[in-house]
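Heads up, the thing below is written out as structure tokens.
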2 protein chains.
Amino acid sequence: MPRTPGQRAGLTYDAVLAAARDVFAERGRAGLSMRSVAAHLGVAPNALYSHVADKTALVDALLDDVLGSLAPPPADADPRTGLREVMLATFDLLVTHPGLVPTYLERQGARGPRARALGEAMTVLLARLGVDEDAAGRVVRALIVHTLGYAALATADDASLTPDQLRADLEVTLDWLLVGASRS
Amino acid sequence: MPRTPGQRAGLTYDAVLAAARDVFAERGRAGLSMRSVAAHLGVAPNALYSHVADKTALVDALLDDVLGSLAPPPADADPRTGLREVMLATFDLLVTHPGLVPTYLERQGARGPRARALGEAMTVLLARLGVDEDAAGRVVRALIVHTLGYAALATADDASLTPDQLRADLEVTLDWLLVGASRS
DNA sequence: CCGTCGAACTGTACGGTGTCCAGCATAATG
DNA sequence: CATTATGCTGGACACCGTACAGTTCGACGG
């Protein structure tokens, strides 16, 4: 496995990202280090720096990558239910990737391309709710912040509340926000 | 400065906590390590473990400590404005301690005595809003999650939005939540 | 007053982290 | 074929949290 020096492993950005995803799935957030990713690829830790600027860059890419499994709401759906469904799906996704949530918050929400695509789909629905474009940004933010926060509670270690309870709460409070948004 | 072994520095839990607060104020969250706190006290790093269980325990104590500068809302205030004011004050407090917010989220909200005191004061106001006691827990959670999230955005490194804008948004969306809560 | 005991603190060390540097072999380019 | 650019390595630096064993002191029972 350890090549003689100078030989190439043929790494790519995507390979590194995939390895990061694997390591994250197997060993969780705490087990995700440059060294563990490199080991997973049979490569020296430093080799990653030829393809990735930073550890934070790698983690950011991983975050956005995970978001890729989220289906954007159809543009012709009922706005309120459509928006509620995306956020609940986001909640569910985050709950199934518990170690991810703190990192997510640490980065204060992903800013990758997938995240932006979701945001735009939401803006379309909000327009049909009567929310104009610059107000839409604020509402999207509110919804995301809210959902992320609930996901954080649901994945807390202490976990005095079950994810199901929190999901129910989220459903209610999301509606409060949506009603408020459509009303102003 | 380095005492001969065996001599005592006379540390206390409070001294350690105070040192942690100092170090945090001077060097931020990233600069807050067991070693830096110990150095601030002129003491070996391990000495702290006689007074504090963990680094996480120390950080938790620090978090709750910072919350101490928050005045609970008077019980006879107008419920809605009272609740809005506490949350806005919390937001302001967090914005002035930027490095603190990610840690706060990581811990998914403080659970210390000061935090609980605030929660109870809020419950009182909610009762006067017509929210019964077990629903109050949910609403308090929603308000805190929401506010924490906005503080996170306000203290993000990228900071595409100013704290003032976010504060204004928060004020509006908090009201949406409060209206929704009082209506159900 | 003295012996004992427990607590406070030390030095040392282990295993981990992210990341930089210099060197070298290979692949790509002229 | 000569040259340059790239990918990778070994090694190192500066940290981190914390466990272990040992020393020395303050306090307390006899």
Side-chain angles (χ1 to χ4, degrees), chain A residues 1-24 26-63 99-100 102-104 106-107 157, chain B residues 1-63 99-100 102-103 106-107 157:
Chain A
M1 208 79 75
R3 264 150 284 95
T4 65
Q7 252 172 359
R8 311 211 168 176
L11 290 193
T12 59
Y13 174 83
D14 288 338
V16 173
L17 180 54
R21 196 172 33 216
D22 289 353
V23 170
F24 177 76
E26 286 173 23
R27 324 215 280 179
R29 172 69 177 94
L32 181 71
S33 68
M34 292 291 145
R35 287 174 149 87
S36 62
V37 172
H40 191 84
L41 290 163
V43 145
N46 334 355
L48 304 183
Y49 288 85
S50 299
H51 307 276
V52 166
D54 245 357
K55 187 192 181 183
T56 74
L58 178 57
V59 173
D60 280 342
L62 179 61
L63 285 181
L100 215 153
T103 312
Y104 225 115
E106 205 176 309
R107 299 276 191 290
D157 288 339
Chain B
M1 209 82 68
R3 265 151 282 95
T4 66
Q7 253 172 356
R8 311 215 167 175
L11 291 193
T12 59
Y13 174 83
D14 288 337
V16 173
L17 181 53
R21 196 173 32 216
D22 289 354
V23 170
F24 177 77
E26 285 172 23
R27 322 216 276 176
R29 172 69 177 92
L32 180 72
S33 68
M34 292 291 150
R35 288 173 145 88
S36 62
V37 172
H40 192 84
L41 291 163
V43 145
N46 333 355
L48 304 183
Y49 288 86
S50 299
H51 308 275
V52 166
D54 245 0
K55 187 191 182 183
T56 75
L58 178 58
V59 173
D60 280 342
L62 179 61
L63 285 181
L100 215 153
T103 312
E106 204 177 309
R107 297 275 191 288
D157 287 337

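Each chain gets a letter, A, B and so on, in the order its sequence line appears, and its residues count up from 1.
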field: B:H51 side chain near C:dA7 phosphate (N/O to OP1/OP2, under 4.0 Å)
entry: no
- request: Please report, rounded to the nearest Å, how far the P atom of D:dC16 is from the OH atom of B:Y49.
  value: 11 Å
message: I need the B:L17 CG to B:D22 CG distance, nearest 0.5 Å.
response: 10.0 Å
- request: Let me know the distance between CG of B:L48 and C1' of D:dA19, rounded to the nearest Å.
  value: 14 Å
message: Measure CG/B:L32 against C1'/D:dG17 and give the value in whole Å, please.
response: 12 Å
query: How long is the line joining CE of A:M34 and P of C:dG15, in whole Å?
result: 23 Å
- request: Tell me whether the OP1 or OP2 atom of C:dT17 has a side-chain N or O from A:S33 closer than 4.0 Å.
  value: yes
- request: Kindly compute the distance separating CG (B:L48) from CG (B:D54), expressed to the nearest 0.5 Å.
  value: 12.0 Å
query: In whole angstrom, what separates B:K55's NZ from D:dT18's P?
result: 8 Å
task: Grab the CG-P distance between B:L58 and D:dT18 for me, whole Å please.
output: 10 Å
task: May I ask you to verify whether the side chain of A:R35 and the base of C:dG16 hold a donor-acceptor pair under 3.5 Å?
output: no
message: I need the B:H40 NE2 to B:R21 CZ distance, nearest 0.5 Å.
response: 10.5 Å
- prompt: What's the spacing between B:L63 CG and B:L58 CG if we round to 0.5 Å?
  reply: 9.5 Å
task: Could you pick out which residue, A:N46 or A:G31, lies toward the 5' side of DNA chain C when each is mapped onto its nearest nucleotide?
output: A:G31
